[in-house]
Amino acid sequence: MVTGSVLVVDDSPETLHMLARALDAEGLHVRTANSVFRALEVLHDGSERPSVIITDLMMPQTTGWDFLKHLRGEAALQGVPIVVVTGAEPGDGDDLADVVLRKPIDPGEVATVVRGLLARSQPH
């Protein structure tokens, strides 16, 4: 069984709940944040580093693009796979993510992608 923790960042309560439920059913530890600012708090609160980060791009206040740039520049998060779940059109920033899934999403597909990323990163 693949284990790990996932941080899900999205301003939609419905999306957060749907993804958290699907990932929790996989036995993963899930933390959620409804904004980039809350995600940064979660990432720096002293708890375990997430194994995977899932984020939306189109959020109020600070965009997911800015969040992606921040994540990729933070030494403590190097190597953490990032899954972007977005309704945005493909763009220049897609190369900052490990996986880009376009909305509407299937929670089962997201869980499968996360399992695959975790399986690749865990020692055999």
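Numbering of residues begins at 1 and proceeds along the displayed sequence. Predicted model, so just to flag it, every value in this text is computed and none were measured.
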Open item on the list: Are the side chains of Thr112 and Arg115 in contact, using a 4.5 Å heavy-atom criterion?
Closed with: yes
Task: 4.5 Å side-chain heavy-atom contact, Met59 and Val9 - done: yes
- [ ] Find out whether Val80 and Leu7 are in side-chain contact, i.e. whether some heavy atom of one side chain is under 4.5 Å from a heavy atom of the other.
- [x] no
Task: Side-chain heavy-atom pair Val110, Asp106 within 4.5 angstrom cut-off - done: no
TODO: Output the distance between atom CG (Leu19) and atom CG (Asp24), rounded to the nearest 0.5 Å.
DONE: 12.0 Å
- [ ] Report the distance from atom CG of Asp56 to atom CG of Leu16, rounding to the nearest 0.5 Å.
- [x] 9.5 Å
Open item on the list: Quick one: does any side-chain atom of His44 pair with a main-chain N or O of Leu40 as donor and acceptor, under 3.5 Å?
Closed with: yes
Task: Donor-acceptor contact below 3.5 Å, side chain Arg31 vs main chain Val8 - done: no
Task: Steps toward side-chain contact (heavy atoms from CB on, under 4.5 Å) verdict (Arg102, Thr86) - done: CA-CA 5 Å; Arg102 303 284 171 209; Thr86 185; 3.2 Å; yes
Task: Minimum heavy-atom distance between Leu28 and Thr3, given as atom pair plus value - done: CD2-C, 4.0 Å
- [ ] Can you see which heavy atom on Ser51 is nearest to which on Leu118, and at what distance?
- [x] CB-CD2, 3.3 Å
Task: Non-hydrogen side-chain atoms of Leu101 and Val83 separated by less than 4.5 Å - done: yes
Task: Between Asp45 and Ser47, a side-chain donor and acceptor under 3.5 Å - done: yes
- [ ] First locate atom CG of Asp10, then atom CD1 of Ile54, and finally report the distance between them rounded to the nearest 0.5 Å.
- [x] 10.0 Å
- [ ] Give every residue pair that meets the salt bridge (Lys or Arg N to Asp or Glu O under 4.0 Å) criterion with at least one member in residues 60-83, sequence neighbours excluded.
- [x] Arg72-Asp98
Task: Distance in Å, Phe67 CZ paired with Leu96 CG, rounded so as to fall on 0.5 Å steps - done: 12.5 Å
TODO: Indicate yes or no: at least one non-hydrogen side-chain atom of Leu23 is less than 4.5 angstrom from one of Val114.
DONE: yes
Open item on the list: Tell me the closest heavy-atom pair linking Arg49 and Ala76, and the distance in Å.
Closed with: NH1-O, 3.0 Å
TODO: Begin with the C-alpha distance, continue with both residues' side-chain angles, and end with the deciding distance and a verdict on side-chain contact (heavy atoms from CB on, under 4.5 Å) for Ile82 and Leu68.
DONE: CA-CA 8 Å; Ile82 300 172; Leu68 281 173; 3.4 Å; yes
TODO: Heavy atoms only: give me the nearest Ser5-Pro50 pair and the separation to one decimal.
DONE: OG-CA, 3.2 Å
Task: Flag for Arg38-Ser35: side-chain donor and acceptor within less than 3.5 Å - done: no
